[in-house]
Colleague: 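One structure follows; several queries about it will come next.
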2 protein chains.
Amino acid sequence: MKKRLTLKLIAKELDVSISTVSKALRDSAEISEDTRQKIKAFAKLYNYKPNNIALSLKNRKSKTIGVIIPEIVHHYFTTVISGIEQVANEKGYHVIICTSNNSFDKEVINMEILANGSTDGFILSVAKETQQKGDYHHLTEVIEQGMPLVMFDRVIEEINCDKVIIDDTLGAKKAVQHLVNLGCKKIGLISTIDYVSVGKLRTQGYLEALSENNLELNESLILKVDDFDQSEEEISRFLSDKSMDAVFAVNEHFAIYAIKAFKEQGLDVPKDVSVIAFTDGELSKRFIPSLTTINQHGEEMGAQAARLLIKKLENDDSEDEPFETIIIETGLVERNSTKR
Amino acid sequence: MKKRLTLKLIAKELDVSISTVSKALRDSAEISEDTRQKIKAFAKLYNYKPNNIALSLKNRKSKTIGVIIPEIVHHYFTTVISGIEQVANEKGYHVIICTSNNSFDKEVINMEILANGSTDGFILSVAKETQQKGDYHHLTEVIEQGMPLVMFDRVIEEINCDKVIIDDTLGAKKAVQHLVNLGCKKIGLISTIDYVSVGKLRTQGYLEALSENNLELNESLILKVDDFDQSEEEISRFLSDKSMDAVFAVNEHFAIYAIKAFKEQGLDVPKDVSVIAFTDGELSKRFIPSLTTINQHGEEMGAQAARLLIKKLENDDSEDEPFETIIIETGLVERNSTKR
DNA sequence: TTGTAAGCGTTATCAC
DNA sequence: GTGATAACGCTTACAA
């Protein structure tokens, strides 16, 4: 096992002082051309690389970004990470990813650990449990310590920090408007219960779209799924005997369950019923029929979040900079689950 | 902005020496009950947390694991990460994830950066480009420096390190055997070109299964997809006029394209043709018909890899321990794309 | 029982 | 042009 080369070792080997080596390697003009060459050659030959940890300690910054997300086995979040990574690497930052598994405790612990020097700032999408609990002390603490925090997707309004979100309400409106434009009149909604903020917002968009088009609101056409594991049956039950001509689902999975349920009722999508979903993932593309969706542009969200964070990190007097909220525009991806 | 509390600050505040504080906080018997209480109370009150970076520097270990994967937007890899994280966190390790994007250069750079103190060891699945290139200097270097390395999924035989793999050949055999058991005789294969080791191994399993069942090998029933982006058309072309009664695809996507192609030919899956796929993902579950697959147990792979690595990390004389190769057993998940 | 000092690997300041 | 020294935050012999 080869020992890692340090400045000290080089210095000893070349019989100069540590500071000379340090300066030579950083091309300081103080050092004579001669020694500089010699030292650099030696360092190169033995493949010297400075120790990041020592640098972090010295500079009091780690050049790394901590990302905390609710789940990793989730297409949308991986696209966000991908966007974060690209921008971060471009600007010389690493990324540490931790998952909260939607647990409040794990979110808190992860933040605490990373905040102890490992990370210069955070990009975070809060855990479901945190949203329910309404306990945000870990977030405020980190902010008070002067660590920049950027929240994305599932954000907390009361927390003062940069945010990157999509306009869920507008996206939902777009979806419903698309259905209306196709001539649909009896449009169902499959959403989640309201403490999940996106569920609430998308429901609101649905309502607004209806009213803007002078369509009557019919509460019996709205389903709020409580338990994801039971959702397939819930949806199937909900969809029977409602004679809708379209359904707007707040995610791919609900949309697919809806399509299955319709099929079982002998209805064809899109001939008899149109289905549109929020969230554009692998499933939407491949399913038959492929799904018309509202795209959330995860990669762009990640990229923007990283840019916001790095801007704060590299701005010395970011203290008095105001916080920004970037709204990513959603896009309609027209495929085969809505008729033309 | 609150400043982070350090031992030094506590010492000054309480008018004791730094080492007294350090010892007190670590419950050293050297310190009197009195001062210990006082110091601990103060630390607790002001929420002292030791600085990880300083600890890393001091202990010359970071208690973090570097994970390098080809892509993050990929269901299988996320399940592996999930497994790694669980075990790692349990044992007090963090996880840094980097993606190589299947680029050799990015893989090398990531490893170099992480190797400079950020990480105690690596878990890695090699980039496609690295496999093609056959240049493994970054791997051997890291090993020579005494950093344990565990490879998973896409491993390199020549490299001496712990490995976690699935038995691709056996898995493929299982798949084909399943088809044979269902009475299929003319079984096609949709694979990738051979430099991707899994493509090669799974192809081999296919061949072995055929010969074990005394089925004739027909080269025209084998497709090796070169360009993923073109695969849909390639597969569709390949499948026309072959009159197979079954297809084994080395991943979900190929299987789905196959099903689509069959449909367009007016054939029903599974009534007319059976389709089975390697890799069990989201798509397999939700697609209609749902896919019969060979499950790779990504989470378990990740967990095992993490266990192997941590074992090496915590074993002082791991130097002379032999390297292990753990083989994860694949499982057949029977769903609707194969007839009964 | 408490404190001093060296060291982890680096850089910046200042002296020679 | 080169080197000694202090500092980043922490632990740990060793001294007092």
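Residue numbers begin at 1 in each chain, while the letters A, B, ... track the order of the sequences.
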Colleague: Within the distance-only criterion (no hydrogens, no angle test), does the side chain of B:Arg154 pair as donor or acceptor with the backbone N or O of B:Ser125 below 3.5 angstrom?
Modeller: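 Side chain of B:Arg154 to backbone of B:Ser125, a donor-acceptor pair under 3.5 Å: no, none is there.
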Colleague: Name the residue closer to the 5' end of DNA chain D, choosing between B:Ile53 and B:Glu30 according to the nucleotide with the nearest heavy atom.
Modeller: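 It is B:Ile53 whose nearest nucleotide is closer to the 5' end.
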Colleague: Figure out the CG/C1' separation between A:Asn51 and C:dT11, and round it to whole Å.
Modeller: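 Those two atoms, CG and C1', are 13 Å apart.
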Colleague: Is any side-chain nitrogen or oxygen of A:Ser22 closer than 4.0 Å to OP1 or OP2 of C:dT11?
Modeller: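 Result: yes.
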Colleague: Whole angstroms only, please: what is the NZ-C1' distance between A:Lys23 and D:dG1?
Modeller: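 These atoms are roughly 9 Å apart.
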Colleague: Mark yes or no for a side-chain to base donor-acceptor pair under 3.5 Å between B:Lys58 and D:dT11, with no hydrogen or angle criteria applied.
Modeller: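 Yes, a donor-acceptor pair under 3.5 Å.
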Colleague: Quickly work out the A:Lys61 NZ to C:dT11 P distance and round it to whole Å.
Modeller: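 After rounding, the reported distance stands at 14 Å.
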Colleague: Are B:Lys8 and D:dA7 close enough that a side-chain N or O sits under 4.0 Å from OP1 or OP2?
Modeller: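 For B:Lys8, the contact criterion (side-chain N or O under 4.0 Å from OP1 or OP2 of D:dA7) is not met.
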Colleague: Answer with yes or no whether the side chains of B:Glu90 and B:Gln86 bring together a donor and an acceptor at under 3.5 Å.
Modeller: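 There is no such pair (donor and acceptor under 3.5 Å, judged by atom type) between the side chains of B:Gln86 and B:Glu90.
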Colleague: Send over the distance from A:Glu33 CD to D:dT2 C1', rounded to a whole Å.
Modeller: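 Rounded to the whole Å, the gap is 16 Å.
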Colleague: Report the residue (B:Asp15 or B:Ala54) whose heavy-atom-nearest nucleotide on DNA chain C is the more 5′ of the two.
Modeller: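 Nearest nucleotide further toward 5': that of B:Asp15.
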Colleague: For B:Leu7 and C:dT2, what is the distance between atoms CG and P respectively, to the nearest whole Å?
Modeller: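 About 16 Å, once rounded to whole Å.
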Colleague: Is any side-chain nitrogen or oxygen of A:Thr35 closer than 4.0 Å to OP1 or OP2 of D:dT2?
Modeller: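 It does, given that an N or O in the side chain of A:Thr35 lies less than 4.0 Å from OP1 or OP2 of D:dT2.
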Colleague: Does a nitrogen or oxygen in the side chain of A:Arg36 sit under 4.0 Å from OP1 or OP2 of D:dG1?
Modeller: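 Answer no for this pair, as no side-chain N or O of A:Arg36 is under 4.0 Å from OP1 or OP2.
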Colleague: D:dC10, D:dG3, D:dC8: which one has an atom nearest the side-chain heavy atoms of A:Leu57?
Modeller: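 Nearest to the side chain of A:Leu57 among the choices is D:dC8.
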Colleague: Between the side chains of B:Lys311 and B:Glu324, is the shortest nitrogen-to-carboxylate-oxygen separation below 4.0 Å, so that they form an ion pair?
Modeller: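 Counted as a salt bridge, because a side-chain N and a carboxylate O are separated by less than 4.0 Å.
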Colleague: Would you mind telling me which of C:dT2, D:dT12, D:dC10 lies closest to the side-chain atoms of B:Pro50?
Modeller: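 Of C:dT2, D:dT12, D:dC10, D:dC10 is nearest to the side chain of B:Pro50.
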Colleague: Does the side-chain hydrogen bond (donor to acceptor under 3.5 Å, both in side chains) test come out yes or no for A:Glu141 and A:Gln145, once each step is laid out?
Modeller: CA-CA 6 Å; A:Glu141 243 163 49; A:Gln145 279 174 27; 5.3 Å; no
Colleague: Can you tell me how far P of C:dG7 sits from CG of B:Asn59, to the nearest Å?
Modeller: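 The distance from CG of B:Asn59 to P of C:dG7 comes to 17 Å, rounded to the nearest Å.
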Colleague: State whether B:Ser17 places a side-chain N or O below 4.0 Å from either non-bridging phosphate oxygen (OP1 or OP2) of C:dT2.
Modeller: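 For C:dT2, neither OP1 nor OP2 has a side-chain N or O of B:Ser17 closer than 4.0 Å.
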Colleague: Output the single nucleotide from D:dC10, C:dT1, D:dT2 whose closest atom is nearest the side chain of B:Leu55.
Modeller: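 Of all the options, the side chain of B:Leu55 is nearest to D:dC10.
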Colleague: When all nucleic acid strands are considered with a 4.0 Å heavy-atom cut-off, which category describes B:Ser19: base, sugar-phosphate, or nothing?
Modeller: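 Since a base atom lies under 4.0 Å of B:Ser19, the category is base.
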Colleague: Quick one: do A:Lys63 and A:Glu314 make a salt bridge, cutoff under 4.0 Å?
Modeller: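 Here A:Lys63 pairs with A:Glu314 in a salt bridge, since their nearest N and O are under 4.0 Å apart.
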Colleague: What is the distance, rounded to the nearest whole Å, between atom CG of A:Leu9 and atom P of C:dG7?
Modeller: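 To the nearest whole Å, that distance equals 14 Å.
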Colleague: Can a donor-acceptor pair be found, under 3.5 Å and without considering hydrogens, that links the side chain of A:Asn59 to the backbone of A:Lys61?
Modeller: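 No; zero donor-acceptor contacts below 3.5 Å.
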Colleague: For A:Arg60 and C:dT11, what is the distance between atoms CZ and P respectively, to the nearest whole Å?
Modeller: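 For the pair A:Arg60 CZ and C:dT11 P, the rounded distance is 16 Å.
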Colleague: Less than 4.0 angstrom between a side-chain N/O of B:Ser56 and OP1 or OP2 of C:dC8, yes or no?
Modeller: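 No.
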Colleague: Under 4.0 Å from OP1 or OP2 of D:dC10: is there any side-chain N or O of B:Tyr48 that close?
Modeller: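 Yes, such a contact exists.
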